[in-house]
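Below is one structure, written out as structure tokens, with a few remarks after it.
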Amino acid sequence: MNVSSRKEDHIRLAAEQQENPVPHRAYDDVSFIHHALDGIDRTRVDLTTQVGPLTFAAPFYVNGMTGGTETAMIINRNLAIAAAEAQIPMACGSVGIALDYPETAQSFTVIREQNPNGIVFANIGAGRTLDDAKRAVELMQADGLQLHVNAVQETIMPEGDRDFSGWLSLIEEIVGGLDVPVIVKEVGAGLSAKTLLKLKDVGVSIADVAGVGGTDFGKIENNRRSGGHDDYSYLHGYGNSAVQCLLDARSAGLLGASDFTVLASGGVRHPLDVAKNLALGARAVGVAGSFLKVALHEGPDAMVEVLLAWKSRLGEMMAIMGVPAPDQMEYTDILIRGESRDFAEVRGIDLAGLASRSQEKE
Ligand code: FNR
């Protein structure tokens with residue numbers, strides 16, 4: 001199995017998952033309490049968001065997906081054209097393949113070519129060295145580096161790593177040695193408060209919890225196996241949702257800290273899911289699968305339309321809720337039910353305060 005065909009499998013299987021979405025997502029456990037007279041003038045809503053040293057024009061971004069193949073090149077080109085037009089930050093998929101096989105580099109660098117002035121993140125796996133991280137950033141002329149931790153995926157991946165013991169010290173070395181911000185992320189199993197605290201301890205200042213419920217990489221890797229008794233389907237859906245991770249981060253005092261920024265992603269379907277993540281304390285929200293299907297099947301014009309529509313509709317939601325800026329979403333009243341509520345109760349997280357915090361502001 002060569003690495004390019006693995007990347008093609010990822011695209012095909014992730015796109016297939018979009019056709020058969022998980023019916024219930026943790027975001028469905030979260031609802032806003034509607035206050036019909038809180039609305040403000042839509043023109044007063046400013047979507048600008050600060051993520052570490054970077055200023056995002058809106059509080060969402062295209063999360064790291066692909067690179068390394070012909071199809072990946074088309075997807076990255078379409079995403080980059082749209083990201084440039086809509087001023088939405090964008091990450092590429094793991095640059096590891098381009099470091100190992102330089103002939104594939106153009107499927108990544110197309111992003112910078114199409115979006116010379118926008119915010120672009122390089123992406124690399126946590127087992128890689130500082131030197132690899134520097135090369136990835138240089139190749140993409142990146143404004144930051146996404147560093148993914150994906151032990152569950154690696155385990156189910158037939159050709160994956162099995163030794164995760166060195167990851168934290170490699171992360172520490174990379175964070176200490178790069179002169180652009182590093183965003184540590186999962187790939188769909190979530191980052192617990194314990195993990196976020198470990199990351200903060202080694203100098204990480206931005207993390208994307210990347211929770212379960214959307215693209216399921218365990219399932220993707222399992223689908224690449226031979227079947228029969230060689231089966232890991234019991235690990236489908238393994239991990240914590242972004243909702244759970246954000247509640248956990250809140251309980252550890254990690255939200256709103258001046259030296260640590262929490263981002264969220266995983267299963268975001270539409271602007272209301274973005275709004276829910278912001279209300280739960282994420283500073284910005286990553287979207288992969290929901291954009292992949294447009295970039296793959298519809299092309300750059302549709303992708304531009306989608307990104308502009310998400311921006312505009314998120315602004316509309318904020319106007320309805322009376323929220324002039326993304327970081328003010330923390331004053332919306334939210335109700336949490338179902339499995340997310342069970343998680344909060346067992347972890348000792350108070351949910352009542354979240355349901356009546358808008359009064360605090362008034
Ligand atoms: C991904 N994702 C990913 N993440 C990463 O850090 N490096 C990578 O190379 C990839 N590759 C990749 C390929 C494809 C085709 C998809 C759809 C996704 C994971 C991605 O960033 C995100 O964490 C998950 O997809 C969950 O988010 P969604 O898809 O539910 O929005």
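Atoms within each ligand, like the ligands themselves, are counted from 1 in listed order. Index from 1, following the sequence.
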Minimum heavy-atom distance Arg25-Gly267, with the two atoms named: NH1-O, 2.9 Å

Could you tell me which atoms of ligand 1, counted from 1 in the order shown, lie closer than 4.0 angstrom to a heavy atom of Gly214? 30 (O)

Atom 31 (O) of ligand 1 sits nearest the protein heavy atom Ala288 N, 3.0 Å

The residue among Lys276, Arg337, Arg269 that forms side-chain hydrogen bond (donor to acceptor under 3.5 Å, both in side chains) with Asp28 is Arg269

Give the residue and atom name of whichever protein heavy atom lies nearest to atom 29 (O) of ligand 1, and the separation in Å to one decimal. Thr215 OG1, 2.5 Å

Looking only at N/O atoms, are Gly64 and ligand 1 under 3.5 Å apart anywhere? yes

Hey, which atoms in ligand 1 end up nearer than 4.0 Å to a heavy atom of Gly267? 28 (P), 30 (O), 31 (O)

Counting heavy atoms only, which of Gln17, Met65, Glu8 is nearest atom 12 (C) of ligand 1? Met65

What I want to know is whether Ser265 and ligand 1 share at least one N or O pair that is separated by under 3.5 angstrom. no

Counting both backbone and side chain atoms, is some N or O of Ala210 under 3.5 Å from an N or O of ligand 1? no

I'd like to check whether Ile11 has a polar contact with ligand 1, where a contact means an N/O of the residue lying under 3.5 Å from an N/O of the ligand. no

Ala14: numbered ligand 1 atoms lying under 4.0 Å from its heavy atoms: 15 (C), 17 (C)

Kindly say whether Leu99 contributes a backbone atom to a donor-acceptor pair with the side chain of Arg135 at under 3.5 angstrom? yes

Lys7 to ligand 1: N or O pair under 3.5 Å? no

Any N or O of Gln146 that comes nearer than 3.5 Å to an N or O of ligand 1? no

Examine ligand 1 and decide if any of its atoms is less than 4.0 Å from a heavy atom belonging to Thr66. no

Nearest neighbour in protein (non-hydrogen) for atom 24 (C) of ligand 1: Val187 O, 3.5 Å

From Lys185, Glu186, Gln153 - option closest to atom 6 (O) of ligand 1 by heavy atom: Lys185

Nearest heavy atom to atom 8 (C) of ligand 1 wins, so pick from Ser94, Gly67, Gly266. Ser94

If the cut-off is 4.0 Å to any non-hydrogen atom of Gly93, which atoms of ligand 1 fall inside it? 9 (O)

Run the numbers for me: atoms of ligand 1, each under 4.0 Å from some heavy atom of Gly289, listed by number. 28 (P), 29 (O), 31 (O)

Testing Val268, Asn277, Leu307, Thr49 for side chain to side chain contact (heavy atoms under 4.5 Å, CB included) with Phe60, which one passes? Leu307

Does Asn222 reach the main-chain N or O of Ile156 with its side chain, forming a donor-acceptor pair under 3.5 Å? no

Is the shortest distance from a heavy atom of Phe291 to ligand 1 less than 4.0 Å? no

